[in-house]
Amino acid sequence: CLAHPDRPPSPVNVTVTQLKANSATVSWDVPEGDVVIGYAILQQRQDGQMQRFIREVNTTNRACVLWDLAEDADYIIQVQSIGLYGESQASKRVHFRTLKETDRLPSNSSNQGDITMEGLDKDRQLQTGEIIIIVAVLLMWAVCLWAAVIALFCRQYDIIKDNDSNNNKEKTKPSSEHSTPERPSGGLLRSKKKSPSVNIIEVAPVWGCAWSQLPSRACRAWPC
């Protein structure tokens with residue numbers, strides 16, 4: 001059976017990362033311009049005790065997590081692209097070794113004709129550094145904020161203190177300022193009390209001129 005000309009090419013840049021005692025992540029690239037609808041992974045132990053075939057379609061994923069791996073064991077994987085008219089040729093064989101439970105970094109191992117991949121914990125180290133930087137920036141920002149708040153509080157306190165001092169000065173002014181104003185000559189302005197005026201009219205006896213005792217003007221108006 002001849003290969004179909006529209007089958008996709010083999011995946012490239014197959015790598016194994018995030019190595020642990022019981023899992024690992026395999027990723028790959030697909031050449032641009034090719035229609036790929038899935039992938040297939042052949043996973044087997046180097047000693048031949050176990051072989052697994054993983055196949056997934058209707059996906060654009062370019063990575064897959066391998067679970068249930070044996071601790072401190074050697075594995076070989078190959079990846080195929082799945083297109084509309086079939087599968088591609090298998091990629092180059094990639095060899096990796098799982099970690100022990102006590103290991104933190106993957107051990108290096110390689111065989112002739114295989115591609116050896118190393119998984120390092122660089123991502124975790126970068127994340128720790130980023131967290132430290134973020135925490136330092138937040139602390140600096142918090143210190144600046146507290147300093148601004150304290151400065152604003154002190155300023156408002158000074159303003160309130162000055163206002164209270166001015167109010168106390170106004171309350172303690174001498175009472176002479178509110179007393180009766182003085183004349184330009186220095187004397188105090190005092191209201192003059194007018195004494196009531198009383199006009200006394202004497203009444204003459206009947207046998208005399210009753211108006212003789214009136215003032216002259218009245219006598220002129222009324223003849224005696």
Side-chain angles (χ1 to χ4, degrees), residues 11-33 36-39 56 58-69 71-72 96-108 116-200:
V12 296
N13 300 328
V14 180
T15 58
V16 177
T17 58
Q18 299 181 8
L19 281 172
K20 298 179 180 179
N22 304 112
S23 65
T25 300
V26 55
S27 59
W28 62 91
D29 295 329
V30 176
E32 296 181 1
V36 176
I37 62 172
Y39 62 87
E56 185 175 355
N58 297 327
T59 180
T60 58
N61 290 338
R62 300 292 182 264
C64 178
V65 179
L66 307 178
W67 299 99
D68 299 328
L69 303 179
E71 175 187 356
D72 193 22
F96 68 93
R97 184 181 183 87
T98 56
L99 303 180
K100 296 180 180 180
E101 291 292 343
T102 56
D103 291 343
R104 293 184 179 181
L105 295 177
S107 59
N108 298 329
T116 303
M117 307 307 301
E118 297 180 359
L120 300 176
D121 253 350
K122 293 182 179 180
D123 293 341
R124 183 177 301 175
Q125 295 175 1
L126 291 176
Q127 291 177 358
T128 303
E130 292 174 357
I131 292 174
I132 294 175
I133 294 175
I134 292 173
V135 171
V137 172
L138 291 177
L139 288 176
M140 293 177 62
W141 181 82
V143 170
C144 294
L145 180 61
W146 276 109
V149 170
I150 293 174
L152 181 61
F153 174 79
C154 293
R155 182 178 180 182
Q156 294 296 330
Y157 177 78
D158 292 339
I159 293 174
I160 295 173
K161 187 176 180 180
D162 292 341
N163 291 337
D164 292 341
S165 177
N166 293 334
N167 292 335
N168 293 333
K169 289 181 180 179
E170 291 181 358
K171 291 180 181 179
T172 56
K173 285 184 179 180
S175 59
S176 60
E177 294 183 2
H178 302 285
S179 60
T180 305
E182 298 182 356
R183 292 184 178 180
S185 60
L188 296 176
L189 293 176
R190 296 181 180 177
S191 60
K192 295 182 178 181
K193 294 183 179 179
K194 295 182 180 182
S195 59
S197 61
V198 179
N199 294 327
I200 301 174

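- With sequence neighbours excluded, the residues that form a side-chain hydrogen bond (donor to acceptor under 3.5 Å, both in side chains) with Asp29 are Asn13.
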If you look only at distance, which donor and acceptor atoms sit under 3.5 Å apart when one is on a side chain in residues 59-69 and the other is two or more places apart or in another chain?
from  : atom 1 : to    : atom 2 : distance (Å)
Thr59 : OG1    : Asn61 : N      : 3.1
Thr59 : OG1    : Asn61 : ND2    : 3.2
Arg62 : NH1    : Thr60 : O      : 3.0

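- Looking at every heavy atom in both residues, Ala21 comes nearest to Glu101 through CB-OE2, 3.6 Å.
- Residues Asp72 and Thr98 come closest through the heavy atom pair N-OG1, 2.9 Å.
- Listed by chain and residue number, nothing satisfies the side-chain hydrogen bond (donor to acceptor under 3.5 Å, both in side chains) test with Glu71 (two or more places apart in sequence, or in another chain).
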Q: Could you check Thr15 against Ser27 for side chain to side chain donor-acceptor pair (under 3.5 Å), going step by step and ending with a plain yes or no?
A: CA-CA 5 Å; Thr15 58; Ser27 59; 2.8 Å; yes
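- Put simply, CD1 on Ile132 and CD on Glu130 are 10.5 Å apart, with the number rounded to the nearest 0.5 Å.
- Ser23 meets the side-chain hydrogen bond (donor to acceptor under 3.5 Å, both in side chains) test with no other residue; sequence neighbours excluded.
- Rounding to the nearest 0.5 angstrom, the gap separating the CG atom in Leu138 from the CD1 atom in Ile133 is 12.0 Å.
- Here Thr25 contributes atom OG1 and Phe96 contributes atom CZ; the two are 9.5 Å apart, rounded to the nearest 0.5 Å.
- The side-chain contact (heavy atoms from CB on, under 4.5 Å) test applied to Val135 returns Ile131, Leu139, not counting sequence neighbours.
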